[in-house]
Visitor: 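Here it is: the structure, laid out below.
In the text below, chain A, chain B and the rest are named by the order of the sequence lines, each starting its count at 1. Computed from a prediction, not measured in an experiment: that's the story for all the values here.
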Protein chains: 2
Amino acid sequence: MSEVEPETTEQRILDAAEELFYGRGIQSVGMDAIRTASGVPLKRLYQTFPSKDTLVEAYLRRRDARWLRDLAQYVDTYDSPEQRILAVFDWLFLWFSEQGFRGCGFINSFGELGATSQTVADIAKAHKDAFRRYLADLVAVADAPAWLTDQLVLLAEGAMTTAAISGTPEHARHAKDAARTLLRAAHAGVVTAA
Amino acid sequence: MSEVEPETTEQRILDAAEELFYGRGIQSVGMDAIRTASGVPLKRLYQTFPSKDTLVEAYLRRRDARWLRDLAQYVDTYDSPEQRILAVFDWLFLWFSEQGFRGCGFINSFGELGATSQTVADIAKAHKDAFRRYLADLVAVADAPAWLTDQLVLLAEGAMTTAAISGTPEHARHAKDAARTLLRAAHAGVVTAA
DNA sequence: CATTCTCGAAAACGGTCGTTCTCCTACGGT
DNA sequence: ACCGTAGGAGAACGACCGTTTTCGAGAATG
């Protein structure tokens with residue numbers, strides 16, 4: 001019962017791992033760096049996560065769940081279906097403005113390890129699918145055509161990578177502007193087939 | 001004068017390096033794999049590129065130039081300013097459909113090494129800037145407002161990452177549909193301010 | 001107090017990687 | 001034929017990394 005700190009060992013490891021993996025890339029971070037950052041000795045670290053691969057997997061899964069939860073919490077502060085769709089891009093702006101923002105952790109890990117690790121590729125795909133399903137719900141509630149979802153996904157994903165590489169959050173505003181135009185066009189029944 | 005093959009040593013190295021770096025990620029590829037794939041012995045490899053870092057840099061620079069050149073060549077087969085803009089997304093579809101497509105090499109290398117190597121981060125940024133300038137030209141010639149450029153960039157970048165992770169090229173079509181809608185809205189003078 | 005057990009710090013191990021070096025073959029010039 | 005040199009194949013080296021093991025300092029128990 002020496003639980004002085006509220007944080008469990010697993011959480012301390014995952015906190016350190018997330019900051020390092022996200023901030024520097026996965027392969028650039030050794031287990032020793034995670035040990036130093038978390039203060040958890042190597043022995044206990046390997047008792048909690050039997051390999052670096054499992055730790056990477058746990059990092060991605062926790063980040064996946066928290067990212068979608070935070071997004072939904074923000075969107076839930078709006079009522080109007082149209083505003084809820086646009087709120088997604090406001091939330092992106094807040095995220096892009098955070099110190100240490102370095103793009104989408106799943107796009108980054110897919111680019112780094114997707115060809116090597118099927119697990120990482122699958123988790124990234126599942127994350128993007130979940131995001132797409134969330135947007136599809138918002139679109140359905142707003143009575144917009146289903147294909148608007150695909151367009152909004154592209155704007156959001158494009159904003160993430162562009163914001164990461166350029167280092168400025170303003171691209172979320174541009175995405176929101178475009179989303180508003182597409183939303184209005186969809187509601188107006190403007191069919192954009194060739 | 002034993003130049004039987006038209007390829008120079010440097011080209012053979014870069015060809016092998018590009019296929020491996022792009023296909024598996026940079027840190028996952030050792031110099032020995034490049035030696036095997038290129039058939040160039042290690043000694044000559046290091047005479048041509050004094051370190052892995054310089055080889056990575058050369059890989060990125062050559063890919064940058066060729067990518068933009070290929071895009072422009074395709075777009076140049078169209079005359080109408082509007083069709084030239086939309087042709088960008090047709091070219092993306094062709095690119096996404098190529099065997100071994102694994103997303104944008106610059107987004108990938110930025111996610112993997114951008115935090116560690118300022119050089120890689122700079123090259124990725126320069127590549128995206130050049131792409132943006134190219135789109136800005138197309139937009140200007142089409143007499144569309146400058147801010148349309150920002151929106152088109154987001155659609156293109158989003159299509160790249162979404163196509164990479166999902167593994168299907170259709171997202172280029174969705175991006176083209178959205179681009180057409182945004183282009184029409186811009187020409188109609190629909191202001192999308194809040 | 002003696003003993004056993006727990007646990008953290010750090011050394012050690014095996015493998016890989018970037019880079020250099022060695023050795024050997026083959027050829028060119030005289 | 002002989003020698004010098006270039007060039008290629010691969011061993012070698014030093015550093016690092018993921019993982020395991022050792023060692024010693026306490027705490028718990030009799």
Side-chain angles (χ1 to χ4, degrees), chain A residues 1-5 7-60 108-109 111-113 115-120 123, chain B residues 1-5 7-60 108-109 112-113 115-120:
Chain A
M1 277 303 233
S2 61
E3 284 266 351
V4 180
E5 74 277 34
E7 273 183 330
T8 170
T9 299
E10 186 176 328
Q11 281 172 337
R12 281 205 294 159
I13 296 171
L14 282 174
D15 287 344
E18 179 158 9
E19 175 160 352
L20 291 170
F21 285 155
Y22 176 73
R24 298 193 209 159
I26 292 172
Q27 294 188 98
S28 302
V29 173
M31 294 297 273
D32 214 61
I34 292 169
R35 176 200 108 163
T36 303
S38 67
V40 174
L42 269 183
K43 201 186 207 171
R44 191 182 285 268
L45 210 165
Y46 274 94
Q47 282 167 0
T48 314
F49 297 100
S51 71
K52 186 181 182 181
D53 283 351
T54 50
L55 177 56
V56 168
E57 193 177 325
Y59 146 62
L60 290 173
N108 291 348
S109 57
E112 184 177 355
L113 297 171
T116 305
S117 157
Q118 188 60 46
T119 305
V120 169
I123 293 177
Chain B
M1 275 307 226
S2 62
E3 285 267 348
V4 181
E5 73 276 36
E7 275 185 330
T8 171
T9 300
E10 186 176 328
Q11 282 172 335
R12 280 205 294 160
I13 297 171
L14 283 173
D15 288 344
E18 178 157 9
E19 175 160 350
L20 291 170
F21 284 156
Y22 175 74
R24 300 192 208 158
I26 292 172
Q27 296 189 96
S28 302
V29 173
M31 295 296 273
D32 214 61
I34 291 169
R35 175 198 109 162
T36 302
S38 66
V40 174
L42 230 42
K43 203 189 211 170
R44 192 183 282 271
L45 210 164
Y46 274 94
Q47 282 168 0
T48 313
F49 298 99
S51 70
K52 186 181 182 181
D53 284 351
T54 49
L55 176 57
V56 168
E57 194 178 325
Y59 146 62
L60 290 172
N108 291 350
S109 56
E112 184 176 355
L113 296 171
T116 304
S117 158
Q118 188 60 46
T119 305
V120 169

Visitor: What is the distance, to the nearest angstrom, from the CG atom on A/Leu113 to the P atom on D/dG18?
Guide: 12 Å
Visitor: Is A/Arg35 near enough to C/dA9 that one of its side-chain N or O atoms lies under 4.0 angstrom from OP1 or OP2?
Guide: no
Visitor: With A/Ala16, which residues qualify under side-chain contact (heavy atoms from CB on, under 4.5 Å), at least two apart?
Guide: A/Ala37, A/Ser38
Visitor: Rounded to whole angstrom units, what separation is found between the CD atom of B/Gln27 and the C1' atom of D/dC16?
Guide: 13 Å
Visitor: For residues B/Leu20 and B/Val29, report the shortest heavy-atom separation together with the two atoms involved.
Guide: O-CG2, 3.4 Å
Visitor: Output the rounded distance in Å from CD1 (A/Ile34) to P (D/dC16).
Guide: 18 Å
Visitor: What pair of heavy atoms forms the shortest contact from A/Ser28 to B/Glu112, and how long is it?
Guide: OG-O, 4.2 Å
Visitor: Between P on C/dA12 and CG on A/Asp32, what's the gap in Å once rounded to a whole number?
Guide: 15 Å
Visitor: May I ask you to test the A/Leu45-A/Thr9 pair for a side-chain heavy-atom distance under 4.5 Å?
Guide: no
Visitor: Rounded to whole angstroms, how far apart are CE on B/Met31 and C1' on D/dA15?
Guide: 16 Å
Visitor: Can you establish whether the number of heavy atoms outside B/Glu19 located under 6.0 Å from its atom CD is more than 12?
Guide: no
Visitor: Take the protein atom CG of A/Leu20 and the nucleotide atom C1' of D/dC17, then report the distance between them rounded to whole Å.
Guide: 15 Å
Visitor: Round to a whole Å and report the spacing from CD1 of B/Ile13 to P of C/dT19.
Guide: 13 Å
Visitor: Going by heavy atoms closer than 4.0 Å, what residues in residues 36-50 of chain A are next to DNA chain D?
Guide: A/Leu42, A/Lys43, A/Tyr46
Visitor: With a 4.5 Å cut-off on side-chain heavy atoms, are A/Arg35 and A/Asp32 touching?
Guide: yes
